[in-house]
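Chain naming here is simple, since letters A, B, ... match the order of the sequence lines and numbering starts at 1 in each. What you are looking at is a predicted structure, and each value in this text was computed from that prediction instead of being measured.
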Protein chains: 2
Amino acid sequence: MSDTRENIVDKAEELIRTKGYNAFSYGDIAGVLHIRNAAIHYYFPSKADLGVSVVDREIDKIASSREEWGDLPGNVQLRKVVERFYGSHRRGWICLNGSLTPDFLTLPDPLQKRVKEMCEVILDWMTESLEKGRKDGTLAFAGEAESRALLVISSLLSSLLLSRVLGKEVFTRMLDQLLKDIECAPDR
Amino acid sequence: MSDTRENIVDKAEELIRTKGYNAFSYGDIAGVLHIRNAAIHYYFPSKADLGVSVVDREIDKIASSREEWGDLPGNVQLRKVVERFYGSHRRGWICLNGSLTPDFLTLPDPLQKRVKEMCEVILDWMTESLEKGRKDGTLAFAGEAESRALLVISSLLSSLLLSRVLGKEVFTRMLDQLLKDIECAPDR
DNA sequence: TTGTTTACTTACTAGTAAGTAAGTAGTTTT
DNA sequence: AAAACTACTTACTTACTAGTAAGTAAACAA
């Protein structure tokens, strides 16, 4: 993949995660990369193509992390995910899910499909990690793992959204409480 | 308030909660109300003014519900809120919070201010309801009420977002689990 | 050396956005 | 009866938006 192509996807991801899909334009990307709008159309004929590339890359990233961390205990897997959200929070970025699901109905069909796929992959992964944690004794929670996974994903997604509006300390409060709720041997 | 004015705010709220603030235009509203774009500018000189009106009305609605339900037990207050989310879910609408916080950085200043205010009001109300529920013995949860309120708000907000993408059964799953987690005497 | 592909730029189109200025029909006030 | 106000419409401007067509300089391939 050429540098320019990758830089475009990088910038598109940043813009989606700060301003939202409907609020950024090819001009925003062209401006900072010092290229022309048409150069972006050369790599990504339509804005939908660019959006799809951003989401596809995220799906790939999730798949590699899942593989890389597969052997770790359930609670450590969860903490790794939480760590990644800390990274996003530090940069002031929300997650792709938190940015794209509110705009879902306005997204072009192929992009909707990828967003759905991404959601399913995340849910499946989180469900597996929680199940593993319950089995290996590092996590404890009531109910089905998938329902719990949905609630955990909620908290992660919303912690980035709400902390942007209510102040950054909200982020830590939420994720601290989340881990206390579900971890078996909380460090003190 | 004139009919036209109220109809415009109604439609704007619907559009914000289905397509998002940056994805709707005065034309969308004018089309269904059979008026001209300029008629909307007559009542709301700028799009920001219209957005502010939508959020202000929501803040007022929250204040009246809070007053109306103030004497109910904590768990009933919570269930009233959950019921309202069921209503939104049935119509396919997300909540104003879930729609406006992702776009927060793109919103004009006065609208950002109102969104923040709305978030604070919701958090304060939910915190109070949870505290009351813990005192009156209808709710049980670990940690501070405000942290718990943040997580409950998360789940409500995200249940609308995620069910839109993953399928409507996700909504019930999430809210059922949420209530089981926190209610003292779950009905069976 | 010629032809082709890559990675763009320049210059453009067509559509849509918010917003404004001036006009008007009907109602209310003086 | 005249003046003023209300609730709009018509007609317009300015500023983007995504997207396209044609051209070009440099690298590469036959």
Side-chain angles (χ1 to χ4, degrees), chain A residues 1-16 18-55 99-100 102-115, chain B residues 1-55 99-100 102-112 114-115:
Chain A
M1 189 147 78
S2 73
D3 256 20
T4 302
R5 190 191 167 88
E6 205 169 354
N7 289 340
I8 292 169
V9 179
D10 282 347
K11 202 68 204 168
E13 182 181 346
E14 176 185 336
L15 285 164
I16 290 173
T18 48
K19 303 175 59 175
Y21 181 80
N22 289 315
F24 88 90
S25 72
Y26 276 31
D28 294 330
I29 296 175
V32 294
L33 296 187
H34 305 293
I35 54 177
R36 304 290 155 177
N37 275 12
I40 306 175
H41 281 288
Y42 170 73
Y43 291 103
F44 306 97
S46 79
K47 197 179 171 182
D49 296 318
L50 178 52
V52 164
S53 284
V54 169
V55 178
S99 174
L100 293 172
D103 293 341
F104 191 70
L105 301 180
T106 72
L107 301 179
D109 259 18
L111 188 47
Q112 281 197 0
K113 205 192 122 220
R114 304 311 169 112
V115 170
Chain B
M1 187 147 75
S2 74
D3 257 19
T4 303
R5 189 193 168 87
E6 204 169 353
N7 289 341
I8 292 169
V9 178
D10 282 346
K11 201 70 205 168
E13 182 182 346
E14 177 185 337
L15 286 164
I16 291 174
R17 294 178 62 180
T18 49
K19 305 174 59 175
Y21 181 81
N22 289 315
F24 89 90
S25 72
Y26 276 31
D28 295 330
I29 296 176
V32 296
L33 296 187
H34 305 293
I35 54 175
R36 305 288 157 178
N37 275 11
I40 307 174
H41 281 288
Y42 170 71
Y43 290 102
F44 305 97
S46 80
K47 197 179 171 184
D49 295 319
L50 179 51
V52 163
S53 284
V54 169
V55 178
S99 173
L100 293 172
D103 293 340
F104 191 70
L105 301 180
T106 72
L107 302 178
D109 258 18
L111 188 47
Q112 281 197 0
R114 305 310 169 113
V115 170

Engineer: Whole angstroms only, please: what is the CD-C1' distance between B/Glu6 and D/dA7?
Structural biologist: 17 Å

Engineer: Show me, pair by pair, the donor-acceptor contacts under 3.5 angstrom made by side chains of residues 32-45 of chain B, not counting sequence neighbours?
Structural biologist:
unit_1	atom_1	unit_2	atom_2	d
B/Asn37	OD1	B/Gly27	N	3.4
B/His41	ND1	B/Pro45	O	2.8
B/Tyr43	OH	B/Ser2	OG	3.4

Engineer: Does anything in residues 103-113 of chain A pair up under side chain to side chain donor-acceptor pair (under 3.5 Å), and if so which pairs, sequence neighbours excluded?
Structural biologist: A/Asn22-A/Thr106

Engineer: Taking side-chain hydrogen bond (donor to acceptor under 3.5 Å, both in side chains) as the test, write out the residues that go with B/Asn7, two or more places apart.
Structural biologist: none

Engineer: Sequence neighbours excluded, which residues qualify as side-chain hydrogen bond (donor to acceptor under 3.5 Å, both in side chains) partners of B/Arg17?
Structural biologist: B/Glu13, B/Ser88

Engineer: Under the salt bridge (charged side-chain N to carboxylate O under 4.0 Å, His left out) rule, what pairs show up with a residue in residues 19-28 of chain B, not counting sequence neighbours?
Structural biologist: B/Lys19-B/Asp28

Engineer: Under the salt bridge (charged side-chain N to carboxylate O under 4.0 Å, His left out) definition, can you give me all pairs with a residue in residues 40-49 of chain B, not counting sequence neighbours?
Structural biologist: none

Engineer: Going by the side-chain contact (heavy atoms from CB on, under 4.5 Å) test, name the single residue among B/Val55, B/Val115, B/Val52 that passes it with B/Leu107.
Structural biologist: B/Val115

Engineer: To the nearest Å, how far apart are B/Asp3 CG and D/dC8 C1'?
Structural biologist: 15 Å

Engineer: Using a 4.0 Å cut-off on heavy atoms, which residues in residues 34-48 of chain A reach DNA chain C? List them by number, or say none.
Structural biologist: A/Ile35, A/Arg36, A/Ala38, A/Ala39, A/Tyr42, A/Tyr43

Engineer: Taking 5' to 3' order, which nucleotide of DNA chain C is first and which is last to have an atom within less than 4.0 Å of a heavy atom in chain A?
Structural biologist: C/dT6 to C/dT10

Engineer: When you look at A/Tyr21 and A/Leu15, which way does the side-chain contact (heavy atoms from CB on, under 4.5 Å) test go after all the steps?
Structural biologist: CA-CA 7 Å; A/Tyr21 181 80; A/Leu15 285 164; over 6 Å; no

